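The block underneath contains the structure these notes are about, expressed in structure tokens.
What you see is a predicted model; the values in this text were computed from it and never measured.
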Amino acid sequence: MATGNREAARLLGEIGALLEIQGENPFKIRAYTRAAEQIDHLAEPLSSLSAEDLEAIPGVGKAIAGKIQEILKTGTCAELERLRAATPPGLIPLLALNGVGPKTVRKLWTELGVDGIEALEAAARSRRIRALKGFGAKKEDDILKAIAEAKDGAGRMNRAEAERLAAALTAAIPGDSWVAGSLRRGRSTIGDIDIVTTAPPRETSLALRRIADAVIDEGERKISVTIGGRRADIRFADPGSIGAMLLYLTGSKAFNIRLREIAGRKEMRLNEYGLTDRGSGNLLTFPTEEGVFSALGMSPVPPELREDRGEVEAALSGALPPLLDETEIKGDLHVHSEWSDGVLSLEEIAAEGERMGYDYILITDHAAGIGITHGLDAQRLEKQRQEIRAVNRTASCTLLAGVEADILPDGRLSLPDAALEACDLVVASVHSAFRHDGDTMTRRVIAALENEHVDILGHPTARLIGHRPGTALDIGRVIEAAAATGTALEINASPTRMDLDDIYIRQAKERDVILAIGTDAHRKPEFAHMRYGVALARRGWCGPADVLNTRTADALLERRR
DNA sequence: GCCGTTTTCGGCCCGACTGTTTTCAGTCG
């Protein structure tokens with residue numbers, strides 16, 4: 001089986017981690033880590049790239065390109081095997097423990113023979129760690145706590161949970177505050193909450209202690225707490241220098257490093273307080289992020305693009321892409337009513353559409369199929385279509401008569417072609433047999449795309465964040481099939497799905513595949529999830545022309561014809 | 001190990017906070 005980008009990136013990351021434990025040159029370690037990240041979100045499959053192409057990837061030079069080729073050919077490389085032989089592989093998970101870094105791991109390994117989590121826990125419980133030079137009882141305690149936290153395995157949050165926590169924090173903070181971090185960047189999952197505030201530190205600390213589970217650490221310039229079992233970092237800033245602070249705390253880390261390198265080339269130092277002239281030592285402060293970008297000679301980079309995936313170069317040359325804006329969305333392309341498993345009547349959905357300022361909403365109740373209760377058969381679908389026409393006579397937001405058909409295990413759809421043909425638009429989705437192997441699943445989905453009545457592939461990987469990984473679908477092949485058949489791929493905006501994810505959206509966009517944003521709403525509050533889908537589209541570098549939702553209802557119907 | 005509108009060698013982002021220290025290493029973001 002061919003080695004994919006994900007796997008190659010994982011192996012490069014493993015080399016980086018093992019080098020770290022071995023106490024290698026930090027810059028060499030960073031080189032491997034950066035190369036791994038770049039490979040992880042590459043649009044093209046590595047296997048299609050020549051040696052020259054590989055070296056053109058930022059952060060990949062001769063040495064790493066050679067190792068990538070070795071990995072593609074054999075599934076591993078000599079350097080990795082050498083490191084694995086010299087370092088217990090059980091040490092790598094220790095690096096993920098809070099407060100445990102490479103120096104700690106190395107010391108525990110070489111001096112106490114710790115070779116994994118279990119050995120570490122045993123060493124801590126038998127109080128052998130506090131005897132090491134530079135360690136104490138507190139450190140030993142912290143290690144046991146970190147192990148317990150890791151076993152709880154909270155993982156990353158979905159956006160809805162993260163927004164709830166951020167709202168609770170900003171409401172409690174006695175002053176103006178701004179959400180930063182991955183939540184602001186629009187990522188599909190969120191690790192922790194980052195907030196910048198101009199509120200006074202002492203009062204903020206008191207207020208946060210009332211709502212937080214615990215205070216992790218606290219100083220003049222920041223306070224970190226856990227709330228709802230999650231970490232939140234709050235940084236204090238002067239109103240006149242929010243720009244640099246917001247930029248810093250929004251990240252990503254890789255993006256920040258690139259900006260700081262650019263500042264360095266201009267004989268300046270960039271930190272969270274502003275830009276310092278290396279010669280005079282003068283600090284320039286900025287009330288807005290735009291000011292910092294301008295001083296660095298760049299266009300302002302929208303938060304969703306700040307991942308070091310080419311946006312820095314684009315901003316330096318003034319070539320950032322135009323991005324989709326929420327105000328350009330004319331309708332929602334995936335909504336369920338009480339006709340299947342939703343709770344709203346068609347009238348209520350039309351009213352929600354008006355409230356959202358939409359021109360149309362595509363009604364996509366489930367078709368009768370396996371795994372779905374109350375699915376519609378051809379007759380009920382026809383009956384629903386009549387009621388939709390009736391609602392449309394009075395509503396200003398037009399309801400389009402669609403359906404969400406199941407893609408059956410053999411690739412056929414759960415409705416006959418005649419019933420599909422009668423619809424305004426058809427979404428087809430996988431709702432069963434998620435464990436098909438990659439090739440079977442891919443052929444199954446492509447068969448659905450090749451049905452001329454299918455307009456949109458719903459939640460392409462069928463993942464449920466925190467509950468179910470995506471199917472083994474080969475998304476590259478699906479994107480090629482979508483390009484060939486003119487089928488749209490859905491950006492499912494439900495915070496529990498966020499499917500497709502950003503790197504695949506960008507890959508699809510680059511193949512001129514159209515994307516369709518749908519909230520998959522089953523009840524009123526879920527219509528507002530559109531913003532998550534828009535953020536994902538922006539993270540995939542999509543402009544208004546790349547998504548169906550910016551087109552008029554007539555244009556959608558015309559496209560189907 | 002990567003990289004170059006000062007460089008093919010000599011750099012590599014920058015600062016906050018904690019714990020174990022007696023001036024700082026380690027971790028984190």
* On a whole-Å scale, what distance lies between the P atoms belonging to B:dC17 and B:dC12? -> 25 Å
* Rounded to the Å, how far apart are A:Asp141 CG and B:dT18 P? -> 17 Å
* To do: Report the residue from A:Asp520, A:Thr461, A:Thr519, A:Asp499 that forms a side chain to side chain donor-acceptor pair (under 3.5 Å) with A:Asn492.
  => A:Asp520
* To do: Check if the side chain of A:Arg260 and the base of B:dC14 share a donor-acceptor pair of N or O atoms closer than 3.5 Å.
  => yes
* Indicate, with a heavy-atom threshold strictly under 4.0 Å, whether A:Phe135 touches base, sugar-phosphate, or nothing. => sugar-phosphate
* To do: Let me know the distance between CG of A:Leu249 and P of B:dG15, rounded to the nearest Å.
  => 16 Å
* Under 4.0 angstrom, heavy atoms only, what part of the nucleic acid is A:Pro26 near: base, sugar-phosphate, or nothing? -> nothing
* Asked: Looking only at atom P, what distance separates B:dT6 and B:dG1, rounded to whole Å?
  -> 28 Å
* **Under-4.0 Å salt bridge between A:Arg258 and A:Glu261** => yes
* Asked: What integer number of Å spans the P atoms of B:dC13 and B:dT23?
  -> 29 Å
* Less than 4.0 Å between a side-chain N and a carboxylate O, is that true for A:Lys253 and A:Asp308? -> no
* So with a 6.0 Å cut-off around NZ of A:Lys107, is the heavy-atom count from everything else above 12? -> yes
* **C1' gap between B:dT8 and B:dC14, integer Å** => 27 Å
* Asked: Among B:dT20, B:dG29, B:dC14, which is the nearest nucleotide to the side chain of A:Lys139?
  -> B:dT20
* Asked: Is any side-chain nitrogen or oxygen of A:Arg269 closer than 4.0 Å to OP1 or OP2 of B:dG15?
  -> yes
* To do: May I ask you to verify if any side-chain N or O of A:Arg231 is less than 4.0 angstrom from the OP1 or OP2 atom of B:dC28?
  => no
